[in-house]
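Since the structure comes first, as structure tokens, the remarks are kept for the end.
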Number of protein chains: 2
Amino acid sequence: MQKLPKIPESEWLVMRVLWSKGPLTANEVVKELTGKTKWKPKTIKTLITRLMKKGAVKFEKEGRKYRYYPAVSEAECVRMERYSFVRRVYGGTTRPMLAAFLEDAKLSAEDISELKKILEQKEGE
Amino acid sequence: MQKLPKIPESEWLVMRVLWSKGPLTANEVVKELTGKTKWKPKTIKTLITRLMKKGAVKFEKEGRKYRYYPAVSEAECVRMERYSFVRRVYGGTTRPMLAAFLEDAKLSAEDISELKKILEQKEGE
DNA sequence: GACGTTGGATTACAAATGTAATATTTTAGG
DNA sequence: CCTAAAATATTACATTTGTAATCCAACGTC
């Protein structure tokens with residue numbers, strides 16, 4: 001398991017694009033984010049560069065441009081964020097957090113039965 | 001409902017102390033955090049001051065010292081953090097996040113039945 | 001082959017954050 | 001009163017983050 005870099009808010013947007021759309025050129029990333037943010041293209045380039053320096057993305061050369069792709073797993077990053085969120089806000093105790101989350105969430109009947117299934121699954125372990 | 005200030009990681013620790021132990025002097029806060037962090041007392045004073053500037057804590061004078069107490073609701077702050085967490089990491093979709101949370105959490109049998117109860121409650125609405 | 005265009009590399013710069021140290025003001029004790 | 005101790009207030013300073021702009025190199029065009 002790689003060492004996970006710290007990914008701040010704005011870089012998450014870029015990572016989410018790269019995770020979902022695989023290797024993209026900088027301009028493609030810019031295009032993906034148009035409408036979702038008001039960032040100038042240069043800003044997005046900067047974010048990509050920073051992610052590279054942290055080792056969160058890599059690239060393959062394609063002619064004179066680069067195609068960027070994630071170098072860290074989305075699942076791992078998400079897990080880490082979840083963990084650090086719980087620690088920060090709830091001091092590490094998970095259950096009250098989950099309870100609050102569940103109570104507060106707007107859930108469809110489907111969502112609910114899905115989640116119950118997960119719990120029952122765990123119950124059996 | 002007040003406007004909620006932004007509370008960064010380290011200040012959360014201070015807020016959690018104040019939320020749980022009511023009005024405290026700076027030194028009492030320091031004492032509460034001893035062992036939990038390696039911060040120097042001065043650092044903690046700084047954090048308190050910043051929280052005051054943001055309006056997250058207020059104080060009453062007691063002789064020459066102050067007793068600090070939270071000026072914003074824990075529930076509200078936590079809700080906001082939860083919300084911004086989901087938005088950042090999952091782009092706003094709550095269910096997959098909850099699913100991942102539940103799957104990943106270490107839960108006792110009790111926790112599980114508690115959480116199921118919450119879900120059933122919501123089911124009935 | 002000079003030149004504009006297009007991409008990446010380098011630089012910019014303010015605000016927020018982490019982590020304190022120094023300065024100043026009270027006040028309790030001698 | 002004068003001073004040491006204790007509190008608060010002010011100042012410090014490196015990093016990180018948000019948000020770009022400028023510089024430079026390669027490429028395709030006339």
Side-chain angles (χ1 to χ4, degrees), chain A residues 4-18 23-69 77 80-81 84-85 87-89, chain B residues 4-18 23-69 77 80-81 84-85 87-89:
Chain A
L4 297 178
K6 189 149 273 169
I7 300 174
E9 167 103 23
S10 53
E11 290 167 22
W12 265 94
L13 277 228
V14 174
M15 287 307 284
R16 290 222 314 274
V17 165
L18 291 176
L24 295 178
T25 65
N27 276 341
E28 287 164 346
V29 174
V30 168
K31 205 170 297 174
E32 289 291 328
L33 289 175
T34 302
K36 292 184 188 153
T37 76
K38 295 185 188 5
W39 296 334
K40 303 282 158 65
K42 299 291 186 181
T43 300
I44 294 173
K45 306 279 178 69
T46 300
L47 295 176
I48 293 174
T49 302
R50 286 182 184 168
L51 285 165
M52 281 192 14
K53 284 204 181 128
K54 289 183 221 192
V57 318
K58 295 196 189 312
F59 63 89
E60 347 153 323
K61 266 191 162 135
E62 184 185 80
R64 66 162 162 157
K65 26 176 138 161
Y66 300 166
R67 316 200 119 249
Y68 302 93
Y69 61 91
C77 288
M80 201 186 56
E81 276 304 306
S84 95
F85 164 77
R87 201 172 19 103
R88 176 164 28 112
V89 174
Chain B
L4 296 179
K6 185 161 215 217
I7 300 175
E9 166 105 25
S10 53
E11 290 167 21
W12 265 94
L13 278 224
V14 174
M15 287 307 284
R16 291 223 313 275
V17 166
L18 292 177
L24 294 179
T25 67
N27 277 341
E28 287 165 346
V29 174
V30 168
K31 204 171 297 173
E32 289 291 329
L33 288 175
T34 302
K36 292 185 187 150
T37 75
K38 295 188 188 5
W39 296 334
K40 303 282 159 64
K42 300 292 186 179
T43 300
I44 295 173
K45 306 280 175 71
T46 300
L47 295 176
I48 294 174
T49 302
R50 285 183 184 170
L51 285 166
M52 280 191 15
K53 283 202 180 130
K54 287 182 225 195
V57 317
K58 295 195 188 315
F59 63 89
E60 348 152 323
K61 267 191 161 133
E62 183 184 78
R64 66 166 162 154
K65 36 177 131 159
Y66 300 164
R67 314 199 123 252
Y68 302 93
Y69 62 91
C77 288
M80 202 186 54
E81 277 304 305
S84 96
F85 163 77
R87 201 171 21 102
R88 173 164 30 114
V89 173

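Naming convention: chains lettered A, B, ... in sequence-line order (proteins, then strands); numbering from 1 in each chain.
Here D/dG18 presents its C1' atom at 15 Å from CZ of B/Arg88, a figure rounded to the nearest Å. What separates CD1 of A/Ile44 from C1' of D/dG18 is a distance of 13 Å, to the nearest Å. B/Met52 places its CE atom 6 Å from the P atom of D/dA9, with the value rounded to the nearest Å. Taking atom CG of A/Leu33 as the reference point, atom P of D/dT19 lies 13 Å away to the nearest angstrom. Taking atom CG of B/Asn27 as the reference point, atom C1' of D/dA6 lies 8 Å away to the nearest angstrom. Look at CD on A/Glu9: it is 7 Å from P on D/dG18, rounded to the nearest Å. A/Trp12 has its CH2 atom 13 Å from the P atom of D/dT17, to the nearest Å. Atom P of nucleotide D/dA21 and atom NZ of A/Lys45 are separated by 12 Å, given to the nearest angstrom.
Along DNA chain C, the stretch of nucleotides lying under 4.0 Å from any heavy atom of chain A spans, 5' to 3', C/dT6 to C/dA12.
Considering only residues two or more places apart in sequence or on other chains, B/Glu81 meets the side-chain contact (heavy atoms from CB on, under 4.5 Å) condition with A/Phe85, A/Arg88, A/Val89, B/Trp12, B/Ser84. Checked against side-chain contact (heavy atoms from CB on, under 4.5 Å), A/Glu11 has the following partners two or more places apart in sequence or in another chain: A/Ile7, A/Pro8, A/Leu47, A/Arg50, A/Leu51, A/Lys54. With sequence neighbours excluded, the residues satisfying salt bridge (charged side-chain N to carboxylate O under 4.0 Å, His left out) with A/Arg67 are A/Glu28, A/Glu62. Residues forming a side-chain contact (heavy atoms from CB on, under 4.5 Å) with B/Lys31 (at least two apart in sequence, or on another chain): none.
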Between A/Val29 and A/Lys45, does the side-chain contact (heavy atoms from CB on, under 4.5 Å) criterion hold? Intermediate values first, please.
CA-CA 9 Å; A/Val29 174; A/Lys45 306 279 178 69; over 6 Å; no

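Expressed to the nearest 0.5 Å, how far CE of B/Met80 lies from CG of B/Leu4 amounts to 5.0 Å. Separating the CG atom in B/Leu18 from the CD1 atom in B/Ile48 is a distance of 6.5 Å, to the nearest 0.5 Å. Here the CD1 atom belonging to B/Ile44 is positioned 4.5 Å from the CG atom belonging to B/Leu33, to the nearest 0.5 angstrom.
Legend: ring pair (Phe, Tyr, Trp, His ring centres under 6.0 Å) pairs involving residues 24-62 of chain A, not counting sequence neighbours, sorted by first then second residue: A/Phe59-A/Tyr66. Pairs of residues two or more places apart, or lying in two chains, that qualify as salt bridge (charged side-chain N to carboxylate O under 4.0 Å, His left out) and include a residue from residues 32-42 of chain A are A/Lys21-A/Glu32.
Taking each heavy atom of A/Glu60 and A/Pro23 in turn, the nearest pair found is OE2-CG, 4.2 Å.
Using a 4.0 Å heavy-atom distance criterion, B/Lys40 is classed as a sugar-phosphate-only contact. Backbone-only contact: A/Lys54 has heavy atoms under 4.0 Å from sugar-phosphate atoms and none from a base.
Proximity of A/Thr43 to the phosphate of D/dT19: no side-chain N or O atom is located under 4.0 Å from OP1 or OP2.
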Under 4.0 Å protein heavy-atom contacts per nucleotide of nucleotides 25-30 of chain D, with B for base, S for backbone only and - for none
-BS---

The contact string for nucleotides 10-15 of chain D, one letter per nucleotide 5' to 3', using protein heavy atoms under 4.0 Å with B, S and - for base, sugar-phosphate only and none, comes out as --B---

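Looking at which nucleotide of DNA chain D each of A/Lys42 and A/Ser10 is closest to, the 5′-most match is held by A/Ser10.
Each end of the helix from C/dG1-D/dC30 to C/dG30-D/dC1 gets its own rotation axis from five pairs of C1' atoms, and the angle between them is 30° to the nearest 10 degrees.
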